[in-house]
Number of protein chains: 2
Amino acid sequence: MLSFRCDARYAALVTGVRARVRAELTAEIKAIARRQIAEDGPANINLRAIARELGMVSSAIYRYFASRDELLTALLVDAYNDLGEITERADAAVAEVDPTDVEGRFVAVATAAYAWARAEPNQYLLLFGTPVPGYSAPTDTVAPATRFTSVLLRILDEAGRLGARPVVVPAVPPGVPDDLQRVRDLTATAASDELMLAGMQVWTALFGAISFILNGQFRNVIGDVDAMFAEFARMLARQVFPHESDARR
Amino acid sequence: MLSFRCDARYAALVTGVRARVRAELTAEIKAIARRQIAEDGPANINLRAIARELGMVSSAIYRYFASRDELLTALLVDAYNDLGEITERADAAVAEVDPTDVEGRFVAVATAAYAWARAEPNQYLLLFGTPVPGYSAPTDTVAPATRFTSVLLRILDEAGRLGARPVVVPAVPPGVPDDLQRVRDLTATAASDELMLAGMQVWTALFGAISFILNGQFRNVIGDVDAMFAEFARMLARQVFPHESDARR
DNA sequence: ACCGAAACGAGAGCACTGCTCTTGCTTTCT
DNA sequence: AGAAAGCAAGAGCAGTGCTCTCGTTTCGGT
């Protein structure tokens with residue numbers, strides 16, 4: 001969404017008008033689909049409705065996306081990139097002031113992710129809700145999906161450099177260290193097994209909290225869910241990144 | 001699923017054969033739908049396929065469930081009851097040995113919930129995945145949904161009696177105490193605001209971990225996700241129920 | 001024991017979906 | 001300039017949830 005205009009202009013220079021209108025139409029299809037998702041949920045994108053809105057016949061859509069799943073994949077990639085970019089910025093904003101403020105960086109990232117999820121609940125659900133049945137995300141989705149996790153891993157890396165240890169020190173199960181080493185190699189980070197495991201626990205907790213709030217599990221229970229989430233984020237940060245004077249277990 | 005045979009027999013005594021075959025057919029429809037959900041996910045139950053399998057015509061199904069959503073609701077209630085019953089049993093098994101072993105009780109409940117989710121991933125997703133769009137769970141689903149949370153609340157209640165405080169003590173946001181008091185009144189429990197808030201955070205974390213594992217977010221990253229979850233459960237328990245000798249923050 | 005009322009299954013049908021295939025037309029490449 | 005590729009349109013297929021009507025079967029009150 002952020003870059004299709006550039007794509008279109010680029011295409012116009014390199015190739016002819018056909019390529020340009022193709023890029024524009026592709027972007028329009030995606031835009032309408034995104035709106036459909038926002039309104040009716042990820043499961044309810046409707047190719048025929050998109051075609052109708054564009055004044056086309058439904059079969060024409062298939063020139064641009066081979067199937068409904070392919071359209072979904074494109075939107076998935078965009079959503080991962082949006083979330084990745086937003087959290088990268090949130091982290092950078094704190095890190096450029098004080099890169100060692102790992103608690104602040106985590107809270108900023110969590111808050112940014114939450115704000116995005118609240119603003120675009122159905123896009124969030126597209127990423128972290130029930131996977132569409134029979135649909136397995138192709139390999140081109142993994143790179144954008146990694147962006148967000150990379151942000152967290154960099155914070156963990158910095159925390160490791162500072163000698164932080166989680167409040168509740170995990171007992172690393174056998175076999176897991178090899179998996180974690182592979183992650184370290186791939187991401188060029190160096191946090192300890194304990195820190196990474198705690199980080200992953202907090203990562204799942206973060207998305208659990210967002211999902212619960214989004215799915216309305218706290219409806220009629222907690223009024224100010226935003227305030228509750230803010231406190232959850234602070235607690236999570238403290239659980240992985242205690243001040244060094246604190247006792248741990 | 002656990003009780004439809006009894007329902008059928010009961011109906012046979014109280015009313016005639018028509019009521020019995022109705023109860024049996026209702027149960028059969030639900031059983032087939034449950035199998036469909038297990039195979040193809042919650043979004044893909046198919047009334048016509050159910051009718052075909054029963055040798056009926058599709059319109060006949062509507063004598064038993066007024067719509068697809070109503071069928072879904074019935075399955076939702078069953079799933080909530082299954083999860084509630086399983087976790088109640090897991091808690092009771094530990095509690096009858098030592099009711100004050102709140103950490104053990106929590107781990108038992110978490111483990112049981114995870115085992116159920118792994119065995120019936122799509123049923124779990126029916127409860128905690130993306131809500132079906134345009135579908136708002138009617139009021140008859142809230143009672144069974146409360147069963148599981150009640151288990152957690154009773155553990156928190158016991159922990160409060162023992163004087164436990166979470167490792168990271170939450171700063172209770174303004175407004176939230178009123179909400180929590182309402183929960184205490186409704187459930188006849190008496191845990192402190194801090195303990196309840198920490199409990200809710202851990203509750204969301206628990207489901208976040210299960211959802212992440214179920215959705216395959218750790219695929220190609222962590223091999224032994226079961227072991228990882230077991231450790232997560234232990235960490236979560238420790239975060240809310242530290243041993244009283246431990247320092248807290 | 002009977003008879004009106006209610007419940008039921010079958011069947012046809014409606015509006016809708018994703019998707020395919022063919023048919024002409026237009027842009028692009030050589 | 002002509003072949004090749006890209007394109008929109010239209011018809012059509014198989015499938016869905018759901019509605020309505022029509023005989024038949026069962027139930028409940030008299």
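A, B, ... follow the sequence lines: proteins, then strands. Residue 1 opens every chain.
Rounded to whole angstrom, the span from the CG atom of A/Asn44 across to the C1' atom of C/dG18 amounts to 14 Å. Summarising the geometry, the separation between CZ on B/Arg20 and C1' on D/dC27 is reported as 15 Å, rounded to the nearest angstrom. Nucleotide C/dG9 holds its P atom 14 Å from the CD1 atom of B/Ile50, rounded to whole Å. Rounded to an integer number of Å, the gap from A/Arg48 CZ to D/dG15 C1' is 12 Å. Between the C1' atom of D/dA5 and the CZ atom of A/Arg18 lies a distance of 8 Å, rounded to the nearest Å. Between the CZ atom of A/Arg22 and the C1' atom of D/dA8 there is a distance of 13 Å, rounded to whole Å. Between B/Glu70 atom CD and D/dC18 atom C1' the separation is 13 Å, expressed in whole Å. We find that CG of A/Leu47 is positioned 6 Å from P of C/dC19, with the value rounded to whole Å.
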In a table with atom names and distances, give each donor-acceptor pair under 3.5 Å that connects a side chain of residues 144-151 of chain B to protein atoms at least two apart or in another chain.
from, atom 1, to, atom 2, distance (Å)
B/Thr146, OG1, B/Val142, O, 2.4
B/Thr146, OG1, B/Ala143, O, 3.4
B/Arg147, NE, B/Glu88, OE2, 2.9
B/Arg147, NH1, B/Asn81, OD1, 2.9
B/Arg147, NH2, B/Glu88, OE1, 3.0
B/Thr149, OG1, B/Thr146, O, 2.8
B/Ser150, OG, B/Thr146, O, 2.9

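Heavy atoms of A/Leu25 sit under 4.0 angstrom from primed sugar atoms or phosphate atoms, though from no base atom. Looking at heavy-atom distances under 4.0 Å, A/Ile45 makes contact with sugar-phosphate atoms alone, never a base.
Pairs engaging residues 49-58 of chain A under the side chain to side chain donor-acceptor pair (under 3.5 Å) rule: A/Arg35-A/Glu53 [sequence neighbours left out]. Screening residues 105-120 of chain A for salt bridge (Lys or Arg N to Asp or Glu O under 4.0 Å), with sequence neighbours left out, gives A/Asp91-A/Arg105, A/Arg118-A/Asp226. Applying the salt bridge (Lys or Arg N to Asp or Glu O under 4.0 Å) test to residues at least two apart or on different chains, none of the pairs has a partner in residues 209-224 of chain B.
B/Phe229 is linked by a ring pair (Phe, Tyr, Trp, His ring centres under 6.0 Å) to B/Tyr114, counting only residues two or more places apart in sequence or in another chain.
In this pair, A/Phe207 and A/Tyr124 present their aromatic rings parallel. The plane angle is below 30°, not in the 30 to 60° band.
At least one donor-acceptor pair under 3.5 Å links the side chain of A/Arg68 to the backbone N or O of A/Ile45.
Scanning residues 58-67 of chain B for heavy-atom distances under 4.0 Å to DNA chain D yields B/Ser58, B/Ser59, B/Tyr62, B/Ser67.
For A/Asn46 and C/dC16, the shortest distance from a side-chain N or O to OP1 or OP2 is not below 4.0 Å.
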